[in-house]
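Counting starts at 1 for both ligands and their atoms, following the listed order.
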Amino acid sequence: MSFATGLRCRECGREFPHQPVNICEYCFGPLEVVYDYEGIRKVLTRDRIQKGPASIWRYKDLLPVEGEVVDINAGFTPLIRAKNLGRYLGLDHLYIKNDCVNPTYSFKDRVVAVASTKAREFGLKALACASTGNLACSVAAHAARAGLKAYVFIPSDLEQGKILNTAVYAPTLVALDGSYDEVNRLCNELSDVYDWAFVNINIRSYYAEGSKTLAYEVAEQLGWQAPVNAIVPAASGSLFTKIWKGLNELATLGIIDKVATRMFLSQAAGCAPIASAAMSGSSVIKPVKPKTIAKSLAIGNPADGIYALKVVRESRGGACSAPEEEIAEGMKLLAETEGIFAETAGGVVVACLRRLAASGVIKKDELTVAYITGCGLKTLEAIADKVVPVIHIQPTVDSFKKALAEQKERPTSLLGGPRTS
Ligand SMILES: *Cc1c(COP(=O)(O)O)cnc(C)c1O
Ligand SMILES: [Zn+2]
């Protein structure tokens with residue numbers, strides 16, 4: 001049995017029964033899942049959660065699904081105390097939520113797990129999506145697991161790693177010459193023609209709820225408390241709003257204390273419609289034409305942009321856009337300090353964190369969580385010509401000694417040269 005009682009329009013408040021529809025038929029506002037929190041409060045305890053599976057399904061009471069779930073083991077990823085990166089940035093209590101290690105190497109497994117379970121409940125026979133890359137991989141993998149057909153639509157200029165990481169699951173994979181926003185527009189039209197579960201279109205209300213688990217896990221891993229600061233990458237802005245929603249749900253249910261987390265939204269300068277609006281104090285989003293190496297965040301017309309702005313204001317948080325040339329640096333910094341190889345979206349987060357810490361907006365003694373949402377193996381292009389060179393030698397000690405002596409003269413690491421001594 002699920003505690004999700006139906007859907008409600010975020011604009012006019014009208015309620016609807018569960019259905020594979022994400023837009024209010026009266027005012028075209030987005031629909032959001034409604035829960036019976038009184039019912040949840042009666043059963044949900046820290047202990048019940050801790051006895052659950054080591055995946056997002058330990059929070060099933062707070063997710064809009066019933067019965068058997070589609071499960072490739074999404075979630076319950078590590079929260080790492082990042083002492084080295086913290087020292088570098090001047091932050092004494094920095095944590096990394098490492099969502100690179102999900103089954104398809106990004107946080108999208110959380111949302112797709114919920115969406116594909118719901119699609120099967122609705123009796124839909126195919127999963128589909130418009131993707132900036134990571135969603136493609138996750139939809140194809142979950143469809144394989146669930147025995148559903150998959151139709152995956154991507155912009156044709158995606159990174160090779162994301163294309164191959166999707167193709168291997170054998171979906172119908174369609175690349176379109178155009179931006180993500182054009183792919184999304186086409187998929188909106190296709191969702192009227194085909195009886196498929198477009199996870200981020202007609203199933204979007206359910207899909208988005210999966211992101212709340214990134215709030216629940218962090219609170220649980222911090223010993224049942226909310227962080228002081230959370231820094232989160234944004235494309236459509238959905239993840240950002242749902243982390244805030246998830247933290248506040250735990251407080252409503254008495255699982256954690258009242259939430260005072262400041263939410264910081266990060267985007268790449270080449271596609272920063274939400275961050276720009278937040279930084280200029282505007283409450284409207286001006287769509288942009290994306291031109292960024294952070295392709296997973298390249299949504300020029302973000303569906304949840306205005307709601308993300310509300311969260312920035314409500315939480316007294318902030319926003320940052322990372323200059324394009326700092327993104328690969330952010331990726332390398334995270335790798336060199338903590339041994340975590342994140343994709344470009346992670347580089348955006350680290351670059352923004354560095355700026356927010358340097359300007360004193362995020363302070364030294366505050367418990368700060370940086371959300372790292374995808375793995376670097378999918379975006380090799382971004383750093384291919386920016387990492388230390390491979391040293392080629394002959395198989396002799398002399399050859400190695402000679403190479404080593406030469407190498408010390410050309411430091412290439414951000415942290416002051418190759419660690420050879
Ligand atoms: C999709 C994605 C995001 C942002 O998702 P939204 O909910 O659309 O804001 C962040 N990081 C990565 C790696 C992603 O793939
Ligand atoms: Zn409405």
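Seen from the Zn ion (ligand 2), atom SG on Cys9 and atom SG on Cys24 lie at an angle near 110° (rounded to 10 degrees). To the nearest 10 degrees, the Zn ion (ligand 2) sees SG of Cys12 and SG of Cys27 at an angle of 120°.
For Leu297, every heavy-atom contact with ligand 1 shorter than 4.0 Å involves the side chain, none the backbone. Neither the backbone nor the side chain of Ser106 comes within contact range of ligand 1; no heavy atom lies under 4.0 Å. Contacts between Phe240 and ligand 1 below 4.0 angstrom, taking non-hydrogen atoms only, are absent altogether. If you look at Thr373 next to ligand 1, the close heavy atoms, those under 4.0 Å, come from the backbone and the side chain alike.
Residue contacts with ligand 1: Gly237 is included, with a non-hydrogen atom under 4.0 Å away.
Between His18 and Phe122, the ring centre distance reaches or exceeds 6.0 Å.
Listed here is the closest heavy atom pair of Cys271 and Leu297: SG-O, 3.8 Å.
We find that Glu182 and Arg185 are not joined by a salt bridge, their nearest charged nitrogen and carboxylate oxygen being 4.0 Å or further apart. One finds a salt bridge joining Arg58 and Glu220 here, because a Lys/Arg side-chain nitrogen approaches an Asp/Glu carboxylate oxygen to under 4.0 Å. Ion pairing between a basic and an acidic side chain is recognised when a charged N comes within 4.0 Å of a carboxylate O; Glu343 and Lys162 show such pairing.
Cation-pi geometry between Lys149 and Tyr151 is not satisfied (NZ or CZ under 6.0 Å from the ring centre, within 45° of the ring normal). Arg10 forms a cation-pi arrangement with Tyr307, by the criterion of a distance under 6.0 Å to the ring centre and an angle within 45° of the ring axis.
Of the N or O atoms in Ser296, none lie within a sub-3.5 Å distance of an N or O in ligand 1.
Less than 4.0 angstrom separates some heavy atom of Phe107 from each of these atoms of ligand 1: 1 (C), 2 (C), 3 (C), 5 (O), 10 (C), 14 (C). Within ligand 1, the atoms closer than 4.0 Å to a non-hydrogen atom of Ala234 are 9 (O), numbered from 1 in the order shown.
Lys108 NZ, 1.4 Å is the protein heavy atom nearest to atom 1 (C) of ligand 1. Looking only at heavy atoms of the protein, atom 8 (O) of ligand 1 is closest to Ser236 OG, 2.6 Å. In terms of protein heavy-atom proximity, atom 7 (O) of ligand 1 is nearest to Leu239 N, 2.8 Å.
Judged by distance alone, with hydrogens and angles left aside, the side-chain atoms of Lys212 form a donor-acceptor pair with the main-chain N or O of Leu62 at under 3.5 Å. Of the possible donor and acceptor atoms, none in the side chain of Arg313 sits under 3.5 Å from a partner among the backbone N and O of Gly281.
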